[in-house]
Amino acid sequence: MRIRLYELFWMFLLGCFVYSLSEIVARGYTHWTMTLTGGMVGVLLYRMHVHAPPHTLLLQCLCGASMITALEMVVGTIVNLRLGWHVWDYRDMPFQLYGQICLPFSMLWFLVCLPALGVCHIVRRHFCCLNSRLL
């Protein structure tokens, strides 16, 4: 199951767009670092979905939520704690760690992975059909 570079490029752009739009709808604004993080999430979820065994949607959601939470911690440590940009702050949330990650958002990422992995499936099917027509 080879993934072509243009597939990852499209998933990066889709992740950038969807995450930024979601933040704007939910909070009224976003930050460019979150746009890039959304793109990275799109690529990671796509790669995971393509290589995951079939019929593992809930496990993929759990892994996806874990990856998003880990990426959120890495980005938060850099942009919020190290650079002091204050892009987000979860200190008022329950079960938080350094204000960068929290359990409620990790559970939200699990739920977000359900439609996101459905999109990954559709995109992969599209690219597989496109590749077979090009051959």
Side-chain angles (χ1 to χ4, degrees):
M1 286 185 232
R2 185 169 163 229
I3 300 174
R4 290 171 172 75
L5 187 58
Y6 61 84
E7 293 177 62
L8 298 178
F9 175 74
W10 281 109
M11 286 307 298
F12 181 81
L13 290 180
L14 187 60
C16 287
F17 175 75
V18 170
Y19 188 82
S20 295
L21 184 62
S22 299
E23 269 214 321
I24 291 168
V25 167
R27 299 194 316 168
Y29 64 94
T30 192
H31 190 267
W32 66 269
T33 57
M34 293 289 73
T35 300
L36 295 178
T37 303
M40 288 187 277
V41 165
V43 168
L44 289 172
L45 288 178
Y46 187 72
R47 288 180 56 90
M48 179 191 64
H49 180 71
V50 167
H51 295 295
H55 311 296
T56 59
L57 181 61
L58 292 180
L59 183 57
Q60 287 181 54
C61 289
L62 182 61
C63 290
S66 299
M67 286 190 306
I68 294 168
T69 301
L71 188 58
E72 190 175 39
M73 185 66 188
V74 169
V75 173
T77 299
I78 295 167
V79 303
N80 293 329
L81 301 179
R82 182 91 170 148
L83 298 175
W85 290 353
H86 308 290
V87 177
W88 73 87
D89 185 354
Y90 293 152
R91 284 183 286 184
D92 293 336
M93 299 293 290
F95 305 106
Q96 56 86 22
L97 183 62
Y98 302 113
Q100 304 311 301
I101 58 173
C102 65
L103 185 58
F105 271 86
S106 293
M107 294 184 328
L108 176 65
W109 303 144
F110 179 90
L111 296 175
V112 165
C113 282
L114 285 166
L117 290 168
V119 169
C120 288
H121 182 75
I122 292 167
V123 168
R124 180 62 178 178
R125 209 172 51 210
H126 170 76
F127 280 123
C128 284
C129 291
L130 179 66
N131 292 333
S132 66
R133 280 184 268 164
L134 295 175
L135 296 175

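Scope of the values below: all heavy atoms of this structure, side chains included, with no hydrogens, waters or symmetry mates.
- Of all heavy-atom pairs spanning Pro94 and Cys102, the tightest one is O-CB, 3.8 Å.
- Interatomic distance, CE of Met11 versus CD1 of Ile3, reported as 10.0 Å (0.5 Å rounding).
- His126 contributes no side-chain N or O that, together with a main-chain N or O of Arg124, makes up a donor-acceptor pair within less than 3.5 Å.
- The hydrophobic clustering, which links ILVMFWY residues whose side-chain heavy atoms are closer than 4.5 Å, places Tyr29 and Trp32 apart.
- In this structure Cys61 satisfies the side chain to side chain contact (heavy atoms under 4.5 Å, CB included) test together with Leu57, Phe110, Cys113, Leu114, Leu117, sequence neighbours excluded.
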Should Trp88 and Tyr90 be marked as a side-chain contact (heavy atoms from CB on, under 4.5 Å) after you check the CA-CA gap, both sets of side-chain angles, and the distance that decides it? CA-CA 7 Å; Trp88 73 87; Tyr90 293 152; 3.7 Å; yes
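- Residues forming a side chain to side chain contact (heavy atoms under 4.5 Å, CB included) with Thr77 (at least two apart in sequence, or on another chain): Met73, Leu81.
- Residues Leu58 and Leu62 fail the side-chain proximity criterion, which asks for heavy atoms closer than 4.5 Å.
- Both Phe12 and Met67 belong to a common hydrophobic cluster when Ile, Leu, Val, Met, Phe, Trp and Tyr are linked at side-chain heavy-atom distances under 4.5 angstrom.
- Listed by first then second residue, pairs satisfying side chain to side chain donor-acceptor pair (under 3.5 Å) with a partner in residues 109-123 read Glu72-Trp109, not counting sequence neighbours.
- By the side chain to side chain contact (heavy atoms under 4.5 Å, CB included) test, Ile78 is found to be paired with Val74, Leu83, residues two or more places apart in sequence or in another chain being considered.
- Taking Ser106 as the reference, Thr69 meet the side-chain hydrogen bond (donor to acceptor under 3.5 Å, both in side chains) condition, with sequence neighbours excluded.
- Under the ring-ring contact (aromatic ring centres under 6.0 Å, His included) criterion, His31 pairs with Trp85, sequence neighbours left out.
- Chaining together hydrophobic side chains whose heavy atoms lie under 4.5 Å apart places Met107 alongside Phe95, Leu103.
- With sequence neighbours excluded, the residues that form a side chain to side chain contact (heavy atoms under 4.5 Å, CB included) with Phe17 are Leu21.
- Proximity of Met34 to Tyr19: side-chain heavy atoms (C-beta onward) are separated by under 4.5 Å at one or more points.
- Atom CG in Leu71 sits 12.5 Å away from atom OG in Ser66 (nearest 0.5 Å).
- Between Thr56 and Pro53, the shortest heavy-atom distance links the atoms OG1-O, 2.7 Å.
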Name the atoms and distances for all side-chain donor-acceptor pairs under 3.5 Å in residues 37-50, with sequence neighbours left out.
| residue | atom | partner | partner atom | Å |
| --- | --- | --- | --- | --- |
| Thr37 | OG1 | Thr33 | O | 2.7 |
| Tyr46 | OH | Glu7 | OE1 | 2.3 |
| His49 | ND1 | Gln60 | OE1 | 2.8 |

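- Under the 4.5 Å side-chain criterion, counting only non-hydrogen atoms from C-beta, Val18 is in contact with Ser22.
- At distances below 3.5 Å, not a single donor-acceptor pair connects side-chain atoms of Asn80 with backbone N or O atoms of Asp89.
- Within the structure, the salt bridge (Lys or Arg N to Asp or Glu O under 4.0 Å) test picks out the following pairs touching residues 19-35 (sequence neighbours left out): Glu23-Arg27.
- For the atom pair SG (Cys120) and CG (Leu14), the distance works out to 8.0 Å, reported to the nearest 0.5 Å.
- Other members of a hydrophobic cluster containing Leu5 are absent, since no ILVMFWY side chain comes under 4.5 Å of it, directly or through relayed contacts.
- In this structure, Arg82 has no side-chain hydrogen bond (donor to acceptor under 3.5 Å, both in side chains) partners at least two apart in sequence or on a different chain.
- From Phe9, atom CZ reaches atom CG of Leu13 across 4.0 Å, with rounding to the nearest 0.5 Å.
- Scanning both residues, Met93 and Phe105, for their nearest heavy atoms gives CE-CE1, 3.9 Å.
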